[in-house]
Amino acid sequence: MTFDEFQLHPDVFDGVQGMGYTKPSPIQEQAIPAALAGKDLIACAQTGTGKTAAYLLPVLDFIAYERPEHTTALILCPTRELAKQIDEQVEGFGYHVGASSIAIYGGGKSDIWEQQKRALTQGADIIIATPGRLIAHMQLGYVKLDQIDFLILDEADKMMDMGFAEDIIQIVNQLPTKRQTLLFSATMPNKIREFSKKILHEPEEIRLAVSKPAENINQQLYMVYDTNKLALLEHLIGQLEVQSMILFTSRKMNVGPIERALRKKGLAVRGITSDRTQEEREQVLREFKNKQFQILVATDVMSRGIDVSDLSHVVNFDLPRDAEDYVHRIGRTARAGTSGMAITFVSDHDQDAVVKIEKLIERELEKKPTPEEIGPSPEFDPKKYRGRGAAHGAKPGGRGSKPGVRNARPERAAAPVAASPAPAALGTDGAAAVAETEEQKRRKKRRRKPRPEGAAEGAVATGETVTASAETAGESATGEAAKRRRKRGGRNRRGPKPEGAPQSVAAPAASE
DNA sequence: AAAAAAT
């Protein structure tokens, strides 16, 4: 399959080509036609599957044809860096459409707030936001979302985990019920299912074989005591040809010490956690993407969605809390068909997590012992070490009930280990229901809209391929695709966008 | 048992 089979607006197609995309990914193959047909969508898809383009292209297609003067799409996502990255993707794919976008997220200085306020007041075709900051702006009254055509929830499960359900409902209640909603989630637990019933209308469900990391990731597990992790890490870095590495740790407090220890060894390393200033976060990520340093030490703030090209290695300094996050973390490498290596440290106390991961990815992973020159190795024996990872919360023998383990720990340079108290996340339920049957009526009402002149001209460039492929697919140029378009035909059209339409206002491009 | 997200 090729992109021209979607019969996207020529300006959108140009954007696809400009971004170097040639072949639609599985999620794109399924989601794009459904979204173009005006359907709500609930899609199971991880990052790294081309998910962003899967929802951006239909939105851009809509903008290219309809040229609405109001904001067309609201995209909600869990982390600030992801919002920024999606905004950059809009710039790329939407370049020829001239679509404007704003990224709205917290953490910046007060001038950022003012900048966001100005941009929101002026309006943009697409708003990409983390929920908290958007609500803060919405409460001040200048955010105009009452006419949006698309609501997109990216990483919906992650947002639920982060307690955003109430925030999202609060936002959704300000949106028109006449809209198309696309929900993307890496997992589909009941929580998401229930939630989706509230905000989606007769969604088409798209399921891909998720939870399986790419085959071209070389996954390695090392059995290692906490106290030996740093030594093993340095040993491995010495052996491997590390071009670019992300090292994940589950605790913010580990980041600094690991960073310093590696720097002491002469490595080019920087750290990132939510505790750092937003300026620093963005600078670090930009420099890492630009290969200005070799190793990024990060918490799970980096585990989802962040796209770094040519990342050769991912190290899990400790196991993530949720098995899903393992897949997300290692999915940072081997992107876009390249290969990569994922090394995971397994200590004596977190072996249950390995079992969960293996169940999830339906594959057993080889466990390598700590090399002798580093120190003694824990054995892999999850029955023996069944520990606090156990789901039921009850610790069978109470604390310190792991015979032999503590004493078996060698005394080596201490690896950074720390615990910090965490506030409990808010439970969320009982939120207002939203859309209903009007949605259906509206879709039938939508009329077909003739192509704007610019589109016809633009079509010249790609016309041949479009027609050719349509024929191959056994449909004429006015066939299926046109029917789809008729269904989602135009409303609220007010002629072409003025020349000075705002171009991505708030976010300076990361890769210049 | 953590992290993230509005201030």
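Chain A is the first sequence line, chain B the second, and so forth, proteins listed ahead of strands; every chain is numbered from 1.
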Using the side-chain heavy atoms of [X], tell me which of these nucleotides is nearest: [options].
{"X": "A:Arg321", "options": "B:dA6, B:dA1, B:dA4", "answer": "B:dA1"}
{"X": "A:Gln139", "options": "B:dA5, B:dA3, B:dA6", "answer": "B:dA6"}
{"X": "A:Asp322", "options": "B:dA3, B:dA1, B:dA2", "answer": "B:dA2"}
{"X": "A:Arg251", "options": "B:dA3, B:dT7, B:dA5", "answer": "B:dA3"}

Subject >> Geometric cation-pi criterion A:Lys367 and A:Phe380, 6.0 Å radius, 45° cone >> reply: yes
Does the side chain of [X] get closer than 4.0 angstrom to OP1 or OP2 of [N] through an N or O atom?
{"X": "A:Arg133", "N": "B:dT7", "answer": "yes"}
{"X": "A:Lys252", "N": "B:dA4", "answer": "yes"}
{"X": "A:Arg80", "N": "B:dA6", "answer": "yes"}
{"X": "A:Thr273", "N": "B:dA3", "answer": "no"}
{"X": "A:Ser250", "N": "B:dA2", "answer": "no"}

Nearest whole Å is fine: how far is [N] [atom2] from [X] [atom1]?
{"X": "A:Phe248", "N": "B:dA4", "atom1": "CZ", "atom2": "P", "answer": "11 Å"}
{"X": "A:Trp113", "N": "B:dT7", "atom1": "CH2", "atom2": "C1'", "answer": "9 Å"}
{"X": "A:Asp275", "N": "B:dA5", "atom1": "CG", "atom2": "C1'", "answer": "12 Å"}
{"X": "A:Glu114", "N": "B:dT7", "atom1": "CD", "atom2": "P", "answer": "14 Å"}
{"X": "A:Glu81", "N": "B:dA4", "atom1": "CD", "atom2": "P", "answer": "10 Å"}
{"X": "A:Leu76", "N": "B:dA5", "atom1": "CG", "atom2": "P", "answer": "14 Å"}
{"X": "A:Arg329", "N": "B:dA4", "atom1": "CZ", "atom2": "P", "answer": "11 Å"}
{"X": "A:Asp161", "N": "B:dA5", "atom1": "CG", "atom2": "C1'", "answer": "13 Å"}

Original post:
What pairs of residues pass the salt bridge (Lys or Arg N to Asp or Glu O under 4.0 Å) test when at least one of them lies in residues 71-81 of chain A, not counting sequence neighbours?
Top reply: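 Counting only pairs at least two positions apart or across chains, the salt bridge (Lys or Arg N to Asp or Glu O under 4.0 Å) contacts touching residues 71-81 of chain A are A:Glu81-A:Arg281.
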Original post:
Between the main-chain N or O of A:Glu379 and the side-chain N or O of A:Gln351, is there a donor-acceptor pair closer than 3.5 Å?
Top reply: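 The answer is yes, because a donor-acceptor pair under 3.5 Å joins these two groups.
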Original post:
Is a side-chain donor or acceptor of A:Asp348 paired with a backbone partner of A:Pro378 at a separation under 3.5 angstrom?
Top reply: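 No, A:Asp348 side chain to A:Pro378 backbone: no donor-acceptor pair under 3.5 Å.
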Original post:
Does A:Asp307 have any salt bridge (Lys or Arg N to Asp or Glu O under 4.0 Å) partners at least two apart in sequence or in another chain, and if so, which?
Top reply: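 Partners of A:Asp307 under the salt bridge (Lys or Arg N to Asp or Glu O under 4.0 Å) test: A:Arg335.
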